Amino acid sequence: MASGLHGLTKTKRRSGDTRARYRRILRFAAWHLAVTWWYELILPRVGLRGLAERTRARRMRHFARRFHSLAVELGGLMIKVGQFMSSRLDVLPPEITAELEGLQDEVPPVAFSAIRELAEQELGAPLEAVFASIDQTPIAAASLGQAHRAQLLPGIAEDTGLGSVVFKVQRPGIDRIVDVDLAALRRVGGWLRRIRIVSARADVPALIKEFSQTSLEEIDYLNEAANSERFAADFADDARVAVPAVVWERTTRRVLTLEDVTAIKITDAAKLAAAGIDPVQVAPVFASVMFDQLFTHGFFHADPHPGNIFVTPAPDSGQGHPWKLTFIDFGMMGEVPVKTRSGLRKLLIAAAARDGRGLVAAISDIGVLVPSADSVKLEQAMTQLFARFGGMGFAELKEVDPREFRDFAMEFGDVVRSLPFQLPENFLLIIRAMSLTSGVCSSLDARFNLWDSVEPYAARLLRDERGNVVRDAASQAWEIAAAAVAMPRRLDALIRKVDEGSLEVANPRLERHMAKLVRLGQRVVAALIFGALLIAGALVRPEDHVLSNVLMICSVLPLLFGLRPPRS
């Protein structure tokens with residue numbers, strides 16, 4: 001009885017916590033929306049536009065700092081939301097994105113007793129009966145889950161060939177927190193959809209839907225395990241890449257057990273040097289592997305931050321370097337549809353050629369720019385960008401006069417934000433992946449020049465594209481030849497039908513259009529007759545009430561005829 005009351009009290013407390021969390025998120029959003037509405041809509045209408053413009057940058061920074069604090073305090077999806085916002089350079093001002101780009105998914109760890117309770121419930125047995133040993137101190141603690149090292153029991157270890165593993169467990173109650181956070185975000189999205197200056201820039205409900213789908217997939221460890229194996233299959237023949245094996249016997253929706261592949265963190269320059277690995281050589285290999293994911297396989301790691309990539313010494317790798325790149329954490333993955341992948345290839349080729357116009361055309365092909373967008377200013381901005389900064393590495397960019405870079409960045413940002421963008425599915429994940437890739441490469445090599453990796457890759461893509469053109473031309477030539485061979489026989493059959501008078505010509509589309517035109521004409525005639533009878537009835541009413549009533553009643557007949565539904 002006492003345990004039942006304790007459980008009921010605990011449930012009520014959790015319910016109260018989730019309601020308080022929901023209200024707090026909404027209060028934060030409502031307050032800052034009200035402040036923005038006051039400064040951006042009301043003050044300009046009363047002649048105080050200058051005040052709104054002078055305080056805008058300070059207000060944006062204040063909002064970003066407050067959201068940063070809220071995200072760290074609440075954890076859950078709020079940290080993911082902040083990281084999501086930091087990548088929205090196309091919509092959000094730099095004052096917000098710059099403040100949030102350093103938001104890390106690191107939170108205080110959960111007590112091991114709570115982790116034990118959830119894990120035993122998922123695995124259906126005490127942990128001592130499942131693992132030989134478990135380190136109670138986590139090796140990583142994030143907003144959605146935390147990881148511990150463990151040793152498999154001898155039987156499982158012999159079957160899998162693994163001894164040491166990483167035991168990853170969801171934070172207790174995180175599924176409920178995710179539901180609350182998503183409900184709050186949908187509510188805020190509904191508010192933003194009604195604000196014209198926001199809805200004109202982005203489809204907020206669609207963005208929240210994409211974010212929701214990614215978040216729900218990330219807390220399903222069975223999905224992460226499947227992603228890991230798919231990624232491993234893509235790079236099965238690539239000696240540059242390693243992926244941890246999944247221990248399916250110890251994996252559920254909320255528990256994931258993987259081979260322990262812990263090695264040197266990709267940005268740990270000191271340990272890389274101690275292992276005889278030159279960080280400068282790691283950068284282009286990492287960039288090339290990320291390019292392969294995006295442009296070749298179409299299935300990519302969307303969260304390639306330094307904590308998710310190790311450099312593993314491998315003397316027998318067969319490459320020009322005795323190490324491999326080991327990827328972990330496949331909860332956030334992205335897929336590139338074939339059409340988008342083709343557009344991305346064109347974009348990469350145009351970027352390597354410093355072709356501003358080609359770059360804008362590729363962006364349009366991908367579907368980022370709406371068809372009605374005026375892209376002339378964007379083409380000009382891209383051309384200026386390549387002319388001034390194209391080909392510069394990170395170190396060279398640091399030597400540019402900050403005022404020049406700031407002025408260009410503000411002008412370029414204004415151009416981007418003035419255009420109507422519509423981001424295709426998964427495109428935010430692509431932006432995030434490439435942004436993190438650039439950051440990791442620059443930290444490995446201060447003079448790393450992304451163009452050095454882009455150009456040879458783009459040249460290979462260009463050769464592939466030319467090969468595709470040749471294959472397409474050959475295929476079309478074969479089809480034309482086959483049609484030419486069959487043409488005399490088909491012409492003979494046609495002439496015979498003409499002679500017999502049995503030739504029939506059918507065009508369903510034309511027939512449908514004709515039916516619509518006939519229907520439209522009938523409606524117009526019915527409307528004219530209805531109006532004529534109604535007006536005639538009104539005109540004769542003072543002279544003859546009976547005739548007037550008859551005319552008005554008769555006017556109903558053509559009205560009903562015109563309103564009747566079309567025949568199927």
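Here, residue 1 is the first one in the sequence, and each next residue gets the next number. This one's a predicted model, so the numbers in the text were calculated from it and none came from an experiment.
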With sequence neighbours left out, write down each residue that passes side-chain contact (heavy atoms from CB on, under 4.5 Å) with [X], or none if nothing qualifies.
X: A57; answer: R61, E95
X: D181; answer: R21, I25, L77, M78, I177
X: E217; answer: Q213, N223
X: A245; answer: L162, E259

Between [X] and [Y], is any pair of side-chain heavy atoms under 4.5 Å apart?
X: L153; Y: V130; answer: no
X: R250; Y: V255; answer: no
X: H305; Y: D303; answer: yes
X: R116; Y: Q121; answer: no
X: I139; Y: F167; answer: no
X: T312; Y: W323; answer: no
X: P172; Y: I115; answer: yes
X: S228; Y: V243; answer: yes

Which heavy atom in [X] sits nearest to a heavy atom in [Y], and how many Å separate them?
X: V440; Y: P304; answer: CG2-O, 3.8 Å
X: P306; Y: T267; answer: CB-OG1, 3.4 Å
X: E335; Y: F300; answer: N-CE2, 3.8 Å
X: P138; Y: P109; answer: CG-CB, 3.7 Å
X: H301; Y: M290; answer: O-CE, 3.7 Å
X: S288; Y: R240; answer: OG-NH1, 3.2 Å

Roughly how far, to the nearest 0.5 Å, is [atom2] of [Y] from [atom1] of [X]?
X: I134; Y: L127; atom1: CD1; atom2: CG; value: 4.0 Å
X: K168; Y: L144; atom1: NZ; atom2: CG; value: 8.5 Å
X: T296; Y: D292; atom1: OG1; atom2: CG; value: 4.5 Å
X: L258; Y: W248; atom1: CG; atom2: CH2; value: 9.5 Å
X: N308; Y: D329; atom1: CG; atom2: CG; value: 4.5 Å
X: C441; Y: F448; atom1: SG; atom2: CZ; value: 4.0 Å

Any side-chain donor near an acceptor of the partner, R149 and T262, under 3.5 Å: yes

query: Will you find, in the side chains of T251 and T257, an N or O donor that is under 3.5 Å from an N or O acceptor?
result: no

query: Given H68 and E73, is the side-chain contact (heavy atoms from CB on, under 4.5 Å) satisfied, shown in steps?
result: CA-CA 9 Å; H68 190 289; E73 182 179 348; over 6 Å; no

message: With a 6.0 Å cut-off (strictly less than), is the heavy-atom count around CD of E158, excluding the residue itself, greater than 12?
response: no

task: Just say parallel, tilted or perpendicular for the rings of F231 and F330, cut-offs at 30° and 60°.
output: tilted

task: Give the intermediate values and the outcome of side-chain contact (heavy atoms from CB on, under 4.5 Å) for residues V289 and F327.
output: CA-CA 11 Å; V289 169; F327 287 76; 3.9 Å; yes

Salt-bridge criterion met for [X] and [Y] (N-O under 4.0 Å):
X: K324; Y: D238; value: no
X: D445; Y: R447; value: no
X: R253; Y: E224; value: no

Test ring pair (Phe, Tyr, Trp, His ring centres under 6.0 Å) applied to Y221 - qualifying residues, sequence neighbours left out: none

- prompt: Residues in ring pair (Phe, Tyr, Trp, His ring centres under 6.0 Å) with F63, at least two apart?
  reply: F28, H32

Donor-acceptor contact below 3.5 Å, side chain [X] vs main chain [Y]:
X: S215; Y: F211; value: yes
X: Q146; Y: V110; value: yes
X: H148; Y: D135; value: yes

- request: Verify side-chain contact (heavy atoms from CB on, under 4.5 Å) between L325 and I266, making sure each step is shown before the conclusion.
  value: CA-CA 8 Å; L325 292 173; I266 191 170; 4.0 Å; yes

Option among D278, L272, V311, V280 that satisfies the side-chain contact (heavy atoms from CB on, under 4.5 Å) test with L444: L272

- prompt: Taking it one step at a time, do D220 and R254 satisfy salt bridge (charged side-chain N to carboxylate O under 4.0 Å, His left out)?
  reply: CA-CA 6 Å; D220 183 351; R254 297 196 288 176; over 6 Å; no

message: I'd like to know whether V165 forms a side-chain contact (heavy atoms from CB on, under 4.5 Å) with Q151, so could you lay out the CA-CA distance, the side-chain angles of the two residues, the decisive distance to 0.1 Å, and finally the verdict.
response: CA-CA 6 Å; V165 294; Q151 293 291 325; over 6 Å; no

query: Centre of F299's six-membered ring, under 6.0 Å away, within 45 degrees of the axis: is that where NZ or CZ of R230 sits?
result: yes

- prompt: Can T252 and E122 be said to form a side chain to side chain donor-acceptor pair (under 3.5 Å), step by step?
  reply: CA-CA 7 Å; T252 70; E122 282 290 300; 2.6 Å; yes

